[in-house]
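Notes for the one structure printed next.
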2 protein chains.
Amino acid sequence: METRELRYFVAVAEELHFGRAADRLGMAQPPLSRAIGHLERRLGVSLFTRTSRAVALTPAGTVLLREGRAALDAMEAAERRTQRAVDGTERLVLVTKAGASSDLLPKLLDAYAAEPGSVPVDVILCGVAEQESHLRDGRADVALLHLPFDSTAGFDTEELVTEGQVLILPGGHPLSTRTSITMAELSGIPLPRWPGHNGAYADGPGPEVRDHAQLLQLISLGRAVAVLPESCRPLLPYDLTVVPVTDAPQVTTVIAWPPHSRSRPLATLIRTATRL
Amino acid sequence: METRELRYFVAVAEELHFGRAADRLGMAQPPLSRAIGHLERRLGVSLFTRTSRAVALTPAGTVLLREGRAALDAMEAAERRTQRAVDGTERLVLVTKAGASSDLLPKLLDAYAAEPGSVPVDVILCGVAEQESHLRDGRADVALLHLPFDSTAGFDTEELVTEGQVLILPGGHPLSTRTSITMAELSGIPLPRWPGHNGAYADGPGPEVRDHAQLLQLISLGRAVAVLPESCRPLLPYDLTVVPVTDAPQVTTVIAWPPHSRSRPLATLIRTATRL
DNA sequence: CCCACCGATACCGTGCGGGTATCGTTCGCG
DNA sequence: CGCGAACGATACCCGCACGGTATCGGTGGG
């Protein structure tokens with residue numbers, strides 16, 4: 001199977017429409033139809049059920065969409081990591097959520113820079129749920145993830161720190177005088193919604209937020225309250241109040257990397273992180 | 001990057017010889033040279049240093065070999081799993097070492113077959129260190145691996161059972177009267193060597209073995225002794241003696257599967273395994 | 001009932017992948 | 001020291017497969 005065919009297939013599988021898919025791929029519709037036909041004939045499997053009005057995935061097509069995306073990610077990762085491996089300019093790319101691990105990250109970077117044989121580290125701060133794809137498609141070499149929010153499926157990981165969570169409130173909020181609180185007491189309050197793995201938001205009450213800066217501004221405006229890991233405290237504006245949530249799930253920060261690609265600099269970074 | 005180019009690159013990187021690589025690929029040498037040249041130009045990195053006498057990988061080439069193999073495995077896996085997903089004939093392919101988990105496996109298969117919604121399970125018994133590639137390139141959906149011997153890098157796993165190890169001896173062996181033994185006492189005895197991840201054997205003393213049947217025959221012949229997990233006992237010929245090794249590393253059997261590809265039947269199998 | 005939509009088919013041109021022949025360089029050997 | 005063998009690069013040619021345009025066939029909506 002050629003990557004070109006697989007890209008074509010994924011486009012059609014996502015659009016479920018040959019015309020739009022061809023458009024997205026920058027080509028005409030007939031060769032796309034033909035390419036998919038070729039692919040189906042060569043695999044010996046029907047991937048789509050098509051009527052002249054609708055296109056749908058067969059079970060085999062569903063499998064190929066899932067596995068094919070992973071394969072395309074692996075191809076992209078191979079390409080990107082190779083391009084970054086030009087002689088003498090070795091670097092590491094670390095990705096993490098903007099606003100998270102605000103105390104851990106500088107410590108880690110300083111400690112690693114002091115290690116013998118360390119290389120420059122580029123830091124990518126991205127929105128929630130983008131780190132995984134960065135790691136999967138080779139834009140990054142290593143990530144700081146936060147359980148139970150992020151999934152570590154397919155990555156090797158080491159646990160770094162575990163912490164409790166706190167409730168963040170605007171200054172004048174009725175609950176801001178409390179010294180602690182439980183999840184049960186928050187059950188009626190809509191918490192902000194983060195984008196899922198596909199980048200879309202689940203339905204429900206509560207404001208849609210994309211990153212911490214946005215969230216904190218909404219809280220300052222009295223439009224939201226949120227439960228966040230304790231380590232976000234140093235980043236809070238002065239006008240917000242913090243109330244420990246006694247029974248919120250513990251948040252574990254882990255360092256994660258793709259299971260192959262364990263270069264010497266990466267191994268050093270991981271070792272440094274676990275020793276902090 | 002097209003898979004064809006990547007296959008070409010891997011062939012050259014493994015042979016370190018354009019002529020032999022072209023031979024292996026069933027093509028002539030000039031188009032292969034040209035394809036590699038194209039790839040290098042498009043990636044913007046040099047992958048090989050070539051003189052007219054020798055070909056060697058650059059650092060970037062080393063990265064591409066590692067990442068590219070993973071990507072090709074992912075492509076193959078996508079293809080194979082898709083072909084196996086033809087409607088109505090869903091099956092699971094389980095791979096494990098021949099001779100290992102001899103008690104666990106039938107129990108698991110029986111328990112799973114009794115589950116509602118279970119599908120037929122094909123069992124592949126293979127040599128040591130082949131399971132990982134089966135799982136990686138889509139020939140299998142799920143594997144029983146044994147820590148610390150196998151690597152679970154890149155797979156999701158659940159621990160199933162942990163057991164000690166025992167020393168297997170031919171009947172008349174001087175140590176066969178012992179009721180227990182320690183690793184230190186075995187330090188002078190050469191233990192059999194298993195093939196590594198590349199299929200090659202490490203240098204050193206001790207016979208080279210490929211599977212359990214071969215090993216047990218060598219032990220019966222008095223040409224080897226071995227330390228194996230306790231669960232191999234039911235498979236031993238009557239003329240072998242077993243001595244518990246008190247301080248041998250514990251062996252953990254885990255069920256492992258690729259982190260994506262979590263179909264309903266697979267999830268059921270995993271759940272069944274963890275409940276045994 | 002007709003038209004609009006959409007995927008499949010027919011047909012054509014061209015670019016690229018692969019073949020053969022040959023060159024340039026380098027090492028080994030007489 | 002010079003010749004030949006080994007090996008990758010280059011030159012050149014061919015065929016095919018990929019992509020484009022035009023059109024068909026079937027289906028559902030107005």
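Residue numbers start from 1 in every chain, and the chains themselves are labelled A, B, ... in the order their sequence lines are given, proteins ahead of strands. Computed from a prediction, not measured in an experiment: that's the story for all the values here.
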- Message: Between B/Arg20 and A/Thr51, which residue's closest nucleotide on DNA chain D lies nearer the 5′ terminus?
- Response: B/Arg20
- Using 4.0 Å as the upper bound for N to carboxylate O, is an ion pair formed by B/Glu79 and A/Arg42? no
- Query: Under 4.0 angstrom, heavy atoms only, what part of the nucleic acid is B/Tyr8 near: base, sugar-phosphate, or nothing?
  - Reply: sugar-phosphate
- Kindly indicate whether the side chain of A/Arg53 and the base of C/dG7 share any N or O donor-acceptor pair separated by less than 3.5 Å? no
- Message: Surrounding CD of B/Gln217 (heavy atoms of other residues, nucleotides or ligands, distance under 6.0 Å), is the total greater than 12?
- Response: no
- Message: Measure CD/B/Glu2 against P/C/dG17 and give the value in whole Å, please.
- Response: 9 Å
- Message: Tell me the interatomic distance from A/His38, atom NE2, to D/dG19, atom P, rounded to whole angstroms.
- Response: 10 Å
- Note on the structure: note: A/Phe48, atom CZ; C/dC6, atom C1'; distance rounded to Å ~ 15 Å
- Counting heavy atoms from C-beta on, name the nucleotide in D/dG8, C/dG7, C/dG19 closest to the side chain of A/His17. C/dG7
- B/Arg34, nearest nucleotide to its side chain (from C/dG7, D/dG19, C/dG17): C/dG17
- A/Glu2/B/Arg7 salt bridge by N-O under 4.0 Å criterion: yes
- Item | Of the listed nucleotides D/dT21, D/dG8, C/dA21, the one nearest the side chain of B/Ser33 | D/dG8
- Note on the structure: Between CD of A/Gln29 and P of D/dC24 the distance, given in whole Å, is 15 Å
- Whole-Å distance between C/dG18 P and B/Asp23 CG? 15 Å
- Item | Value in whole Å for how far the P atom of D/dC18 lies from CG of A/Leu25 | 15 Å
- Message: Looking only at the aromatic ring of each residue, does the gap between the centers of A/Phe48 and A/Phe9 stay below 6.0 angstrom?
- Response: yes
- Item | Which nucleotide in C/dG19, D/dG8, D/dG20 has an atom nearest any side-chain atom of B/Arg50 | D/dG8
- Query: Are A/Asp141 and A/Arg84 within salt-bridge range, i.e. N to O under 4.0 Å?
  - Reply: yes
- Query: Whole Å only: how far is the CZ atom of B/Phe18 from the P atom of C/dG18?
  - Reply: 15 Å
- Verify the contact: side-chain N or O of B/Arg4 to OP1 or OP2 of C/dG18, cut-off strictly under 4.0 Å; return yes or no. yes
- Item | Among D/dA9, C/dG19, D/dC18, the one nearest B/Pro31 by side-chain distance | C/dG19
- Interatomic distance, A/Arg41 CZ vs D/dA17 P [rounded to whole Å]: 12 Å
